[in-house]
Amino acid sequence: MADRGSIYRRVARLALAVTGLYALLFWPTRPADAQTVREVFQKVVPSVAVIRARGRDVEAGGETRFGETGSGVLISTDGKVMTAAHVVHSMDEITVEFLGGETVTARVVASEPAADLSLLQLDRVPTGAKVAPMADSRTMQVGDPVVIVGAPYGLSYSLSAGYISARWAPNTVYKTMPLAEFFQTDATINTGNSGGPMFNMKGEVIGIVSHNISKGGGSEGLGFVVTLNTAKQLLLEKRSFWGGLEGVFLSDEVADLLNVPARASGFAVKTVAKDSPGDHIGLRGSKMLVRMGGQDVPLGGDIVMTVEGVPMSVANAPKIRDALSRLPSGTAFKVTVLRAGEVLELTGKAP
């Protein structure tokens with residue numbers, strides 16, 4: 001008959017065996033293609049860019065100059081960089097810096113403010129810059145670990161890590177960005193991170209940083225990142241002519257005060273970035289900002305009334321976007337504007 005010590009040893013071995021089997025079957029394991037945070041950072045940092053832009057704004061006192069600093073990510077060998085629209089959308093001068101300090105100029109080739117997304121074209125691709133692989137963002141789930149690399153407060157190539165906290169369908173978080181599907185994350189996001197990439201643990205881009213919600217001015221764990229599938233759809237598949245164009249849709253009351261023809265409420269152009277699609281069309285920006293009918297209205301520039309015959313309004317904006325996205329590149333389209341009391345027809349070309 002076995003002694004008590006022998007029985008205890010057998011029970012202990014059995015318990016260890018059962019624990020090992022449970023761990024093998026049920027405990028999460030690291031996927032073969034996953035990497036540590038340090039490995040991800042070292043892999044992706046050559047694809048991350050620091051973006052500096054200068055533009056014009058129109059205020060009550062007239063035109064002013066201002067600058068923005070943000071981040072971006074190289075997505076193609078021919079020099080396409082994804083970033084946030086609020087960093088570059090209506091800017092006149094844009095420079096992009098990669099690891100090592102080499103800086104090149106760039107221009108906006110596609111933009112969708114309704115999702116806070118813009119696409120830049122570099123004049124050339126710097127030596128050492130690497131293209132970031134793009135993931136299918138549908139595969140990401142709440143609880144998945146993520147890494148963000150950018151330039152918070154201008155501090156280049158800074159890393160933060162966290163998890164996907166939530167996922168928000170388009171038009172559920174911000175009415176001003178109705179086209180954006182968002183990841184919510186607790187990874188730290190500050191001023192300067194905007195436009196930068198969020199990566200999964202394989203080092204693939206899964207989103208473009210937009211902004212964070214903060215009551216105290218800092219990062220409080222509520223960061224919002226536009227999903228990469230949204231960015232690919234709006235910047236690569238359905239480009240619009242809104243790049244470099246800033247303005248406001250007029251209320252019916254203000255449109256009446258400005259004698260806009262009844263067929264359209266209109267879009268009052270505030271600024272038009274140099275060499276942007278709107279600039280090539282011939283649109284003119286405003287000279288002053290006036291409070292009128294409860295709106296801050298840019299005056300002295302064009303009021304866009306129709307695009308391809310579709311009246312310009314908030315409700316029709318998606319229809320206009322879809323109509324232009326279906327046009328083959330280089331196809332001419334018509335834009336009707338009200339300029340100094342005269343109705344003019346301008347011609348643009350699909351990007």
Side-chain angles (χ1 to χ4, degrees), residues 55-58 63 85 89-92 107-115 118-119 176 178-179 234-235 238-351:
R56 294 163 290 139
D57 197 7
V58 176
E63 187 176 275
H89 174 67
S90 58
M91 297 300 200
D92 294 329
R107 68 186 188 280
V108 176
V109 293
S111 196
E112 187 47 80
S118 285
L119 186 70
T176 56
L179 301 183
L234 297 177
L235 296 181
K238 291 185 175 182
R239 296 190 191 183
S240 76
F241 86 105
W242 302 110
L245 188 65
E246 188 176 3
V248 298
F249 286 99
L250 300 177
S251 67
D252 291 340
E253 179 185 359
V254 172
D256 287 342
L257 291 172
L258 296 176
N259 294 318
V260 178
R263 188 162 174 255
S265 56
F267 178 84
V269 178
K270 186 178 181 183
T271 58
V272 184
K274 293 177 182 177
D275 294 323
S276 66
D279 189 32
H280 294 160
I281 292 170
L283 292 174
R284 294 183 182 178
S286 65
K287 298 178 181 178
M288 65 183 70
L289 200 64
V290 176
R291 189 72 178 172
M292 181 184 298
Q295 277 188 291
D296 289 325
V297 181
L299 296 180
D302 290 338
I303 298 176
V304 180
M305 297 191 300
T306 67
V307 177
E308 280 295 272
V310 180
M312 197 67 163
S313 65
V314 174
N316 284 339
K319 185 186 299 184
I320 292 171
R321 182 187 306 107
D322 291 342
L324 294 181
S325 70
R326 289 192 294 267
L327 295 176
S329 180
T331 303
F333 63 89
K334 302 295 184 182
V335 178
T336 304
V337 303
L338 182 65
R339 179 182 295 170
E342 184 180 357
V343 176
L344 303 177
E345 188 176 82
L346 307 178
T347 302
K349 288 188 177 181

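The line from OG of Ser286 to CD1 of Ile303 is 10.5 Å long, rounded to the nearest 0.5 Å. Interatomic distance, Leu234 CG to Leu119 CG, rounded to the nearest 0.5 Å: 11.5 Å. Once rounded to the nearest 0.5 Å, the distance linking CD of Glu246 with OG1 of Thr271 reads 4.5 Å. Separating the OG atom in Ser251 from the CG atom in Asp256 is a distance of 8.5 Å, to the nearest 0.5 Å. Distance CG/Asp302 to CG/Leu344: 7.5 Å, rounded to 0.5 Å. With values rounded to the nearest 0.5 angstrom, Glu253 atom CD is found 10.5 Å from Leu258 atom CG.
No donor-acceptor pair under 3.5 Å is formed between the side chain of Thr306 and the backbone N or O of Pro311. Judged by distance alone, the side chain of Glu345 and the main-chain N or O of Thr336 form no donor-acceptor pair under 3.5 Å. Checked by atom type and distance alone, the side chain of Glu112 pairs as donor or acceptor with a backbone atom of Ala114 at under 3.5 Å.
Taking all atoms of both residues into account, the shortest heavy-atom contact from Leu250 to Ala268 is CD2-CB, 3.8 Å. Contact record, Val304 with Val335: CG1-CG1, 3.8 Å, taken as the closest heavy-atom pair.
Put simply, the side chain of Met305 does not reach to within 4.5 Å of the side chain of Met312, judged on heavy atoms. Val254 places none of its side-chain heavy atoms less than 4.5 Å from the side chain of Phe249. When side chains are defined from C-beta on, Leu346 counts as touching Leu283, because their heavy atoms get closer than 4.5 Å. At a threshold of 4.5 Å between non-hydrogen side-chain atoms, the residues Val269 and Pro298 do not count as touching. Using a 4.5 Å cut-off on side-chain heavy atoms (C-beta onward), Val307 and Phe333 make contact. Side-chain contact between Ile281 and Val272 is absent, with no heavy-atom pair separated by less than 4.5 Å.
Side-chain contact of Thr331 with Lys349: a donor-acceptor pair under 3.5 Å is absent, judged by distance alone. In the model, Ser118 has no side-chain atom that pairs as donor or acceptor with a side-chain atom of His89 under 3.5 Å.
By the salt bridge (charged side-chain N to carboxylate O under 4.0 Å, His left out) test, Arg284 pairs with no residue at all, sequence neighbours left out. A search for salt bridge (charged side-chain N to carboxylate O under 4.0 Å, His left out) contacts involving Asp296 returns Arg291, not counting sequence neighbours.
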